[in-house]
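Okay, structure first, notes after.
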Amino acid sequence: MTISPQSYAAYQLLHDGILALGRAEQVGIRVDVPYIERTQTELTARIASIRDEFKDTPFYREWQKASDKDDVNIDSHVQLRDFLYDVKQYTPTKLTAKGSGSTDKESLKQLNIPELNRLLETKKLKKLWDVLNDFYNEQVNGVIHPFFSLNNVISYRSSSDSPNFQNIPIRDEESMNICRNALYPRPGHQLLEVDYSGLEVHIAACYHQDRTMLKYINNPESDMHRDMAIQIFKLDAYDDHKHKTLRKAAKNGFVFPQFYGDYYVNCAKNLACNWGQLPQGRWQEGQGILLGDIPLADHMIAVGFRNLKQFTAHIERIERDFWDNRFKQYARWKRRWWETYQRTGYIDLYTGFRCQGVMRRNDCVNYPVQGAAFHCLLWSFIQLDRIMREEQWKTRLIGQIHDAIVLDVHPDELEYVTKVIHRVTCDDLPRAWDWIIVPLEIEMDVCPVDGSWAQKSKLK
DNA sequence: AAACCGGGCCAC
DNA sequence: AAACGTGGCCCGGTTT
């Protein structure tokens, strides 16, 4: 690890941080062991039943026949890849990093083979079984103690393991419920989750100070994801109810990938496959997500994009506009920091840490943002840990997920604790670090007393 | 038998 | 020119 010469503060942050995180590790999170055992049994049965059906299909029999093994292993993506792309001669829609045909979820879906969709169901359920199994293996007297490290990540973020507290399913509703229903506060308490809203975007803005981005951040009426949705999908007027999914598509399929350094060819493909319905390079009429009552594919054809090629050209123009016009200073900052790295061999974070060694262009702008954003969270975590002990709260900090803090709160303290959290995260932090030139905001979710983590809902 | 690697998938 | 950033964990399959 390297720390820039001027920064004793950086050194101190990690030392204070690891102690505060260590105290959270000691507290841990309660797990419902009987629930885990029960649910694993159910999952095992569901997986077995789908597998039995799968083994009774012509697809499986053909796969077995073509194999030189006594029994094909359904879990072997190597065997599946050989069968699909060598024996059956399907054309892979995607290649792996090493250049072989991919058998990931997206690739298998594109093949549109019903048997493979069944297989995908078992893979999802197996993943959930694994998550629960990790909880089970790691629990001691019904409590897990996820570890948090500050020495593993190249960008100076944290990592978590045994079990990993930072990748518990949440986006898929069923997966979220199955996994998070296993996690509980101490008896009589309730879980509270505090998230910084758009933390990395805000911290990036502190570095590049792009005029347009600062306007987006400072004007609550404005919304860059909405604006990009309008541009990408050629909407006349934006209707939040009707176009919510398109806003999400613009955010996760264009804006964030662009910020991380992706480019238009990937963006176009992902947008088309995930939200439209474009298996063979052509929008499939009457399919895809709905805009009110019109399928997205029909809308895209109506506004002049009949196939992936035309849509890609459209996204290419939008990408150019995005960096040349909309976020011009952001783009210039990216170029400047890449030049600085090439000249000096390192990049310094605003929090005093230094990144050096072999770095790619994208690394030079991603590391300082990712690291400093996490350090905001860590600073807040340290302050809360100190106040909690000084004031002898019954409430405890129990974990952290990059831009979020999780607490186990005594109900009597909820109101006071949330007030302190708000002050520390949104007022004290920007006062302590003068390079933070944008307002910081948080959202809080709370669970019922004695309720599981799956039961969280927005506070206030 | 252990170590390693590729590929997949969950999170931010 | 280049072409999505950071992790942990699981599994199959190969090398040591």
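Below, read A as the first sequence line, B as the second, and so on, with proteins coming before strands; counting in each chain starts at 1.
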Ring center gap for A/Phe381 and A/His375 short of 6.0 angstrom:
no
Are the aromatic rings of A/Phe259 and A/Tyr330 close, with centres under 6.0 Å apart?
yes
Using a 4.0 Å heavy-atom cut-off, does [X] contact any base of the nucleic acid, only the sugar-phosphate backbone, or nothing at all?
X: A/Lys123; answer: nothing
X: A/Pro169; answer: sugar-phosphate
X: A/Asn270; answer: base
X: A/Ile170; answer: sugar-phosphate
X: A/Tyr367; answer: sugar-phosphate

Look at the side chain of [X] and decide which nucleotide, out of [options], has an atom nearest to it.
X: A/Ser162; options: C/dC9, B/dC10, B/dG6; answer: C/dC9
X: A/Asp130; options: C/dC11, C/dT6, B/dG7; answer: C/dC11
X: A/Asp134; options: B/dG7, C/dC10, C/dT6; answer: C/dC10
X: A/Ser76; options: C/dA2, C/dC11, C/dG12; answer: C/dG12
X: A/Tyr260; options: B/dC9, C/dG5, C/dG7; answer: C/dG5

Answer whether the closest heavy-atom distance between the side chains of A/Tyr207 and A/Tyr350 falls below 4.5 Å.
yes
In the structure I gave you, are the side-chain heavy atoms of A/Leu119 and A/Phe54 within less than 4.5 Å of one another anywhere?
yes
Answer yes or no: does a side-chain N or O of [X] lie under 4.0 Å from OP1 or OP2 of [N]?
X: A/Ser102; N: B/dG7; answer: no
X: A/Asn366; N: C/dC4; answer: no
X: A/Ser159; N: C/dT6; answer: no
X: A/Lys105; N: B/dG7; answer: no
X: A/Asn266; N: C/dA3; answer: no
X: A/Tyr263; N: C/dC4; answer: no
X: A/Lys98; N: B/dG6; answer: yes
X: A/Gln79; N: C/dG13; answer: yes
X: A/Arg360; N: C/dT6; answer: yes
X: A/Ser155; N: C/dG5; answer: no
X: A/Ser100; N: B/dG6; answer: no
X: A/Thr103; N: B/dG8; answer: yes

Classify the ring geometry between A/Phe353 and A/Tyr156 as parallel (under 30°), tilted (30 to 60°) or perpendicular (over 60°).
tilted
To the nearest Å, how far apart are [X] [atom1] and [N] [atom2]?
X: A/Asn133; N: C/dG8; atom1: CG; atom2: P; result: 19 Å
X: A/Tyr136; N: C/dC9; atom1: OH; atom2: C1'; result: 19 Å
X: A/Gln400; N: C/dG8; atom1: CD; atom2: P; result: 13 Å
X: A/Asp71; N: C/dG13; atom1: CG; atom2: P; result: 12 Å
X: A/Glu106; N: B/dG8; atom1: CD; atom2: C1'; result: 13 Å
X: A/Phe259; N: B/dC12; atom1: CZ; atom2: P; result: 18 Å
X: A/His77; N: B/dG8; atom1: NE2; atom2: P; result: 6 Å
X: A/Ile144; N: C/dG8; atom1: CD1; atom2: P; result: 17 Å

Identify whether NZ of Lys or CZ of Arg in A/Lys88 sits under 6.0 Å from the centre of the six-membered ring of A/Tyr85 and within 45° of that ring's axis.
no
With hydrogens left out and only the distance checked, is there a donor-acceptor pair under 3.5 Å joining A/Gln370's side chain and the base of C/dG5?
yes
Can you find an N or O donor on one side and an acceptor on the other, under 3.5 Å apart, linking the side chain of A/Arg171 with the base of B/dC10?
no
Which one is paired to [N], where only Watson-Crick or G-U wobble pairs with both distances under 3.5 angstrom count?
N: C/dC4; value: none
N: C/dC9; value: B/dG8
N: B/dA1; value: C/dT16

Check this for me, if you would: do A/Asp172 and A/Lys124 make a salt bridge, where the nitrogen-to-carboxylate-oxygen distance has to be below 4.0 angstrom?
yes
When rounded to the nearest Å, what value does the distance between C1' atoms of C/dA3 and B/dC10 take?
25 Å
Among A/Trp453, A/Phe147, A/Phe135, find the one that has a ring-ring contact (aromatic ring centres under 6.0 Å, His included) with A/Phe165.
A/Trp453
